[in-house]
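Keep in mind that the numbers below use all heavy atoms, side chains included, and drop hydrogens, waters and symmetry copies. Starting from 1, each residue takes its place in the sequence as its number.
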Amino acid sequence: MATANVLGSLARADARLAVAAVLARDPDLVGLQEWSPRRVGLLGEWASYRWLSAPLGGCAVGVRADRYAVRRRRLVPLGPPQRADNPDRWWGLEPPRLALAVSLVERATALRVGMVSFHLTPGVQRRGRYRDDRPALVDRHRREVTRLSSLVARLIAHHDRVYAVGDSNFDGLALPGLVSCWVGRESHPGTLGPRRHVDDVLGLGPADSVELVETPSDHRAVVVWVEGGGAEAG
């Protein structure tokens, strides 16, 4: 599986190239972030996937239609719009953060699979730790992590396999019950400059292998192979 942050300001043609670079690895599950509503219809070019998205939140999920049946999808609020101490935001206003959670059934085995694509608030980390000069932003990110962790716990309680994929904007994010694909690979190249492992694929067990994929986006995409599961992208 894999995760790809497709920069929201990318032109449509570059967004297409970014997704195509990930799908060339033939993943079973795909999670996208910063997927702008103005790209409506673009994902339909890859008809072997069923695509699930929402008008808010910027997260999307693609599943191989021949392998999975979709049972449920829902948007889960992680953080409301609010003022925060990030000078890069117009008027200091942080947009809402919403995760997209889906429940699937693997057709061949009837295993229940839960997956969530997420994108957390940026600008909260410096030199491997939360920033002291942005307390409101840090508090917001901590609350988003708490809500995401609660969502993951509910998925674990009701599914045989669970994956959380996305952009945490925090190198070293931990979600209870799941294992980061970067465990044992801490010295590997990262996905976004000095913040090495902000893009992550987390599952119930460790990843067998991890590949970084260069795209027109400012993030490298992450493709992960897990035993018996092939490549899954998020």
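Between Glu94 and Arg83, no side-chain nitrogen of the basic residue sits less than 4.0 Å from a carboxylate oxygen of the acidic one, so the salt-bridge criterion is not met.
To the nearest 0.5 Å, the span separating CZ on Arg140 from CG on Leu137 amounts to 7.5 Å. The line from CG of Asp167 to CD of Gln33 is 6.0 Å long, rounded to the nearest 0.5 Å. Atom CG of Leu148 sits about 9.5 Å away from atom OG of Ser168, to the nearest 0.5 Å. The CD atom of Glu214 sits 10.5 Å away from atom OG1 of Thr191, with the distance rounded to the nearest 0.5 Å. Here the straight-line distance linking atom CG of Leu78 with atom OG1 of Thr121 works out to 9.0 Å at 0.5 Å rounding.
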Might you work through the salt bridge (charged side-chain N to carboxylate O under 4.0 Å, His left out) test for Asp85 and Arg134, ending with a clear yes or no?
-> CA-CA 6 Å; Asp85 44 9; Arg134 294 183 179 174; 5.8 Å; no
In sequence, state the C-alpha distance, the side-chain angles, and the governing distance for Asp132 and Arg126, and then conclude on salt bridge (charged side-chain N to carboxylate O under 4.0 Å, His left out).
-> CA-CA 9 Å; Asp132 295 328; Arg126 177 186 288 162; over 6 Å; no
Please walk me through it: do Glu106 and Arg161 pass salt bridge (charged side-chain N to carboxylate O under 4.0 Å, His left out)?
-> CA-CA 10 Å; Glu106 190 174 49; Arg161 296 191 204 132; 3.2 Å; yes
side-chain contact (heavy atoms from CB on, under 4.5 Å) assessment of Arg67 paired with Arg107 | CA-CA 6 Å; Arg67 182 165 181 183; Arg107 297 184 188 278; 6.0 Å; no
Derivation and outcome, side-chain contact (heavy atoms from CB on, under 4.5 Å), residues Glu211 and Trp225 = CA-CA 9 Å; Glu211 179 186 2; Trp225 281 260; 3.4 Å; yes
Go through the steps for Arg147 and Phe118 under the test side-chain contact (heavy atoms from CB on, under 4.5 Å), then give the verdict.
-> CA-CA 11 Å; Arg147 291 169 181 148; Phe118 64 87; over 6 Å; no
Please step through side-chain contact (heavy atoms from CB on, under 4.5 Å) for the pair Val113 and Asp160, ending with a clear verdict.
-> CA-CA 6 Å; Val113 178; Asp160 302 300; over 6 Å; no
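Cluster membership for Leu17 and Trp51, using ILVMFWY side-chain heavy atoms within less than 4.5 angstrom, is not shared. With hydrophobic clusters built from ILVMFWY side chains whose heavy atoms lie under 4.5 angstrom apart, Val70 shares a cluster with Met115. At a threshold of 4.5 Å between side-chain heavy atoms, the hydrophobic network of Ile, Leu, Val, Met, Phe, Trp and Tyr places Val201 and Val179 in two separate groups. Linking ILVMFWY side-chain heavy atoms closer than 4.5 Å, directly or via other members, places Leu178 and Val183 in two distinct hydrophobic clusters. The hydrophobic clustering, which links ILVMFWY residues whose side-chain heavy atoms are closer than 4.5 Å, places Val105 and Leu155 apart.
With Trp35 as the partner, the side chain to side chain contact (heavy atoms under 4.5 Å, CB included) test is satisfied by one option alone out of Asn5, Val19, Val61: Val19.
Residues Val222 and Cys181 are in side-chain contact: their nearest non-hydrogen atoms beyond the backbone lie under 4.5 Å apart. Taking 4.5 Å as the limit, every side-chain heavy atom of Pro176 sits out of range of all side-chain heavy atoms of Val152. Side-chain contact check for Val226 versus Tyr163: some heavy-atom pair is nearer than 4.5 Å.
Between Leu202 and Leu173 the shortest heavy-atom distance is CD2-O, 4.4 Å. Residues His158 and Arg112 approach most closely at O-NH1, 3.4 Å, considering heavy atoms. In plain terms, the two heavy atoms of Arg38 and Gly8 that are nearest each other are NH2-O, 2.5 Å. Considering every non-hydrogen atom in both Tyr49 and Asp26, the closest pair reads OH-C, 4.0 Å. Counting all heavy atoms, side chain and backbone alike, Leu42 lies closest to Ala15 at CD2-CB, 4.2 Å. Minimum interatomic distance between Ala221 and Val22 (heavy atoms only, all atoms of both residues): CB-CG2, 3.5 Å.
The 12-atom threshold is not exceeded at CZ of Arg127, counting heavy atoms of other residues, nucleotides or ligands nearer than 6.0 Å. Atom CZ of Arg12 has more than 12 heavy atoms from other residues, nucleotides or ligands within 6.0 Å.
Note: His141 and Tyr130 have perpendicular aromatic rings, judged against thresholds of 30 and 60 degrees for the angle between ring planes.
Remark: side-chain polar atoms of Arg185 are paired, donor with acceptor, to backbone N or O of Ala207 under 3.5 angstrom.
Between the side chains of Arg71 and Ser103, no donor N or O sits under 3.5 Å from an acceptor N or O.
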